[in-house]
Amino acid sequence: EKAGVPSARPPEHALSAASRRMTTMDAQEAKRRKLEAKMGGGPPPSFPSAVPVPARKEPQPSQPKAPPPATAAEEADPFVCDANDAVSFRLVNTAADMATAEPFEPEFTHQVFREDETIFGYKELRIDIFQSAHLFKTYVKVRFAEKVKSTLNPADDVIEALRAHFGEEMMTDEKTFLSTLEADKDARVPAGGGDVVAVADATGVGDDVKAVDVIRAFRLSDAAVYPWHARFEPLILFFIDGASAVDSEDDNWTLLCATRHVYTSDAERDAIVSGASDGNHGWSTAAFATIYEFFQYPDKKRARLSQIVVAPPFQRQGLGSALLSATRALATKRSFVDVTVEDPTPQLQRLRDVGDVRALWSLPSVAAAVRAAAVAASKLSREDVEKEKAPLCVALQCPTSVKNEARDVLKLCAPQLARCWEALLFLFAKKSGAPEDSPAAAAFTELVVRRLRRQHCADAQRDAGAKRVYHSDVALFASGGNEHLAAEKAFVMTKAKKGRAGGQAPDLEEGEDKQDPAEVLA
């Protein structure tokens, strides 16, 4: 060894001390691992060591293999089924039709079964609903592979759920239903056939079949009519979301029903149309609509179309449009002011728009008014758009003469006429090749936006336009022969003065410290 240079080999006492420390650390490490294995916890924090301890490789336990993913059938409860898939309808005339009639499925079932449109308690559930095609007498056949036996969570009572809507006449015995079909094979249209409103040759029946569709009007409260309506009315629950039944005892309800009759000769067709016969080859109830007559001050009546349903086997054959036209014809015959539609679906509104636009355009005076409005709008300049001195849409406003004619001849209510007038202007502009960035286009946009704002953005109290209605808790003075009004409440209506463009009706301020307007004005 050389002075000043440290030896590479440590002295003997240093080696012995290091060996003792390694022995002590090994013992501590073994104790720690034994405790860890016994307790099942994570390793404690390590302490610094003067001599590094090589990490021991613990044997890794074999990882269990992940189970294969469950199939959709395994994940789903086998005793829960989709009601829309389980239910099917068939319209039949004879026993042979029960095997050959084309089935159709519902669009909605949450109004009959569970809200999520499921049925609990059955495996492979099938609900076959057979209805006689003319009188709609119903037979229900329920089939399933297995049913839950739990008393704490029993299966849904399918029969009772359907009976709540189809009534106590609903049959569950096939032999009884077949006997009913045989007994009713020569049944006539109820109530003597009603009043014929419209007649048209049926479409979509095949080249070798001749049939005629007859739309008839009935008073729904008629003792022979309302049981018939009550049997096919449940269809609306399966095909209209949010549908509800009507009060058949109210004399203000009218039933429009489209019946289809097969015939082979012109003489047989004439007998069907005249009501002398319903044909020798059976008849079917294809579609129906219900109309409510309500009072309009002071001595008029209006019609509100409430329900309209076309049975699926007869859809896309023009019956929906025919029922809307028949409603207009009935309103004209009974001198109603106009026809409104209660909460129409988007499909019904489109069908209504198409029919009304065609009817309007067929009137020469309306077609001339559309052309005149288009010409007036074409004279608008860019300066008119930039200055905004007056509403641009004034040039495109529907003339009063068109409003009157549309109401008197076509029975169009004001909101529907506004939609149709805009559609006519749009179609005329497209046909004329009008540019989309012209001042006339800006005027049309303003016309549509103003209508939509009035329809959707008006506040009932603060921005109700030219009329405001305030409801009151004050009872009407019921005496002198008016005792029947005792339950009615008073109301106050304010209107804007005539001649005020865009005028607002007077606002009666209300608040906790304000009196009821009816009391103030009494």
Side-chain angles (χ1 to χ4, degrees), residues 195 197 217 219-221 246-247 249-256 289-306 326-344 356 359-360 397-421 451 454-455 458 460-461 463-508 516-522:
D195 298 325
V197 179
R219 190 61 67 178
L220 189 54
S221 58
V246 302
D247 181 9
E249 297 181 358
D250 191 333
D251 290 336
N252 291 318
W253 283 106
T254 295
L255 172 67
L256 280 182
T290 52
I291 302 168
Y292 190 77
E293 304 172 12
F294 62 98
F295 173 76
Q296 184 185 34
Y297 182 83
D299 57 354
K300 303 292 185 181
K301 284 188 176 182
R302 307 177 71 189
R304 175 179 291 135
L305 182 63
S306 177
T327 302
R328 178 182 294 124
L330 184 69
T332 302
K333 182 178 180 180
R334 296 184 179 179
S335 301
F336 292 155
V337 175
D338 56 19
V339 175
T340 63
V341 179
E342 180 181 354
D343 193 18
D356 290 345
L360 275 171
Q397 292 287 355
C398 182
T400 302
S401 59
V402 171
K403 294 179 181 179
N404 294 336
E405 187 173 10
R407 184 184 64 247
D408 297 339
V409 177
L410 301 179
K411 303 303 176 183
L412 295 187
C413 61
Q416 178 64 7
L417 173 61
R419 290 172 58 91
C420 295
W421 175 256
R451 175 181 63 82
R454 288 194 303 269
Q455 180 179 350
Q461 294 292 333
D463 188 21
K467 180 175 72 174
R468 286 189 175 91
V469 176
Y470 296 84
H471 296 283
S472 168
D473 291 330
V474 177
L476 288 175
F477 184 74
S479 64
N482 294 323
E483 286 78 7
H484 61 288
L485 299 176
E488 300 293 333
K489 301 297 183 181
F491 67 91
V492 174
M493 182 177 70
T494 64
K495 299 183 69 174
K497 292 183 179 179
K498 291 184 179 180
R500 289 182 58 191
Q504 295 289 318
D507 186 8
L508 299 178
D516 189 309
E519 293 179 345
V520 174
L521 300 178

Side chains of [X] and [Y] in contact at under 4.5 Å (non-hydrogen atoms):
{"X": "L417", "Y": "L360", "value": "yes"}
{"X": "T340", "Y": "L305", "value": "no"}
{"X": "R407", "Y": "L412", "value": "no"}
{"X": "L220", "Y": "T254", "value": "no"}
{"X": "T290", "Y": "L256", "value": "no"}

As an exercise, state the distance from CZ of R219 to CG of D195, rounded to the nearest 0.5 Å.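 Going from CZ on R219 over to CG on D195, the span is 9.5 Å.
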To the nearest 0.5 Å, what is the distance between CD (Q397) and NZ (K403)?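 One gets 6.5 Å once the value is rounded to the nearest 0.5 Å.
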What closest approach, in Å, do A217 and L330 show between heavy atoms, and which atom pair accounts for it?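 The pair with the smallest heavy-atom distance is CB-CD1, 4.2 Å.
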To check you understand the geometry: which heavy-atom pair defines the closest contact between D247 and W253, and what is its length?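 Smallest interatomic distance, heavy atoms only, reads O-CD1, 3.0 Å.
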Under the rule for side-chain contact (heavy atoms from CB on, under 4.5 Å), what residues qualify as partners of P415, not counting sequence neighbours?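 Residues passing side-chain contact (heavy atoms from CB on, under 4.5 Å) with P415: C413.
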Identify, with sequence neighbours excluded, every residue that meets side chain to side chain donor-acceptor pair (under 3.5 Å) alongside [X].
{"X": "S306", "result": "E342"}
{"X": "D408", "result": "none"}
{"X": "R451", "result": "E422, Q455"}

Candidate pair R304 and V339, rule side chain to side chain contact (heavy atoms under 4.5 Å, CB included), full reasoning: CA-CA 6 Å; R304 175 179 291 135; V339 175; over 6 Å; no
Are E249 and S221 close enough, and set up right, to give a side chain to side chain contact (heavy atoms under 4.5 Å, CB included), and what steps lead you there? CA-CA 5 Å; E249 297 181 358; S221 58; 5.7 Å; no
Report the residues that fulfil ring pair (Phe, Tyr, Trp, His ring centres under 6.0 Å) with F336, sequence neighbours left out, ordered by chain and then residue number.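 Here no residue qualifies.
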Using 4.0 Å as the upper bound for N to carboxylate O, is an ion pair formed by D356 and R328?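 D356 and R328: salt-bridged.
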All N/O donor-acceptor pairs, side-chain side in residues 294-303, below 3.5 Å, sequence neighbours left out:
| unit_1 | atom_1 | unit_2 | atom_2 | d |
| --- | --- | --- | --- | --- |
| R302 | NE | D338 | OD1 | 2.8 |
| R302 | NH2 | D338 | OD1 | 3.3 |
| R302 | NH2 | D338 | OD2 | 3.0 |

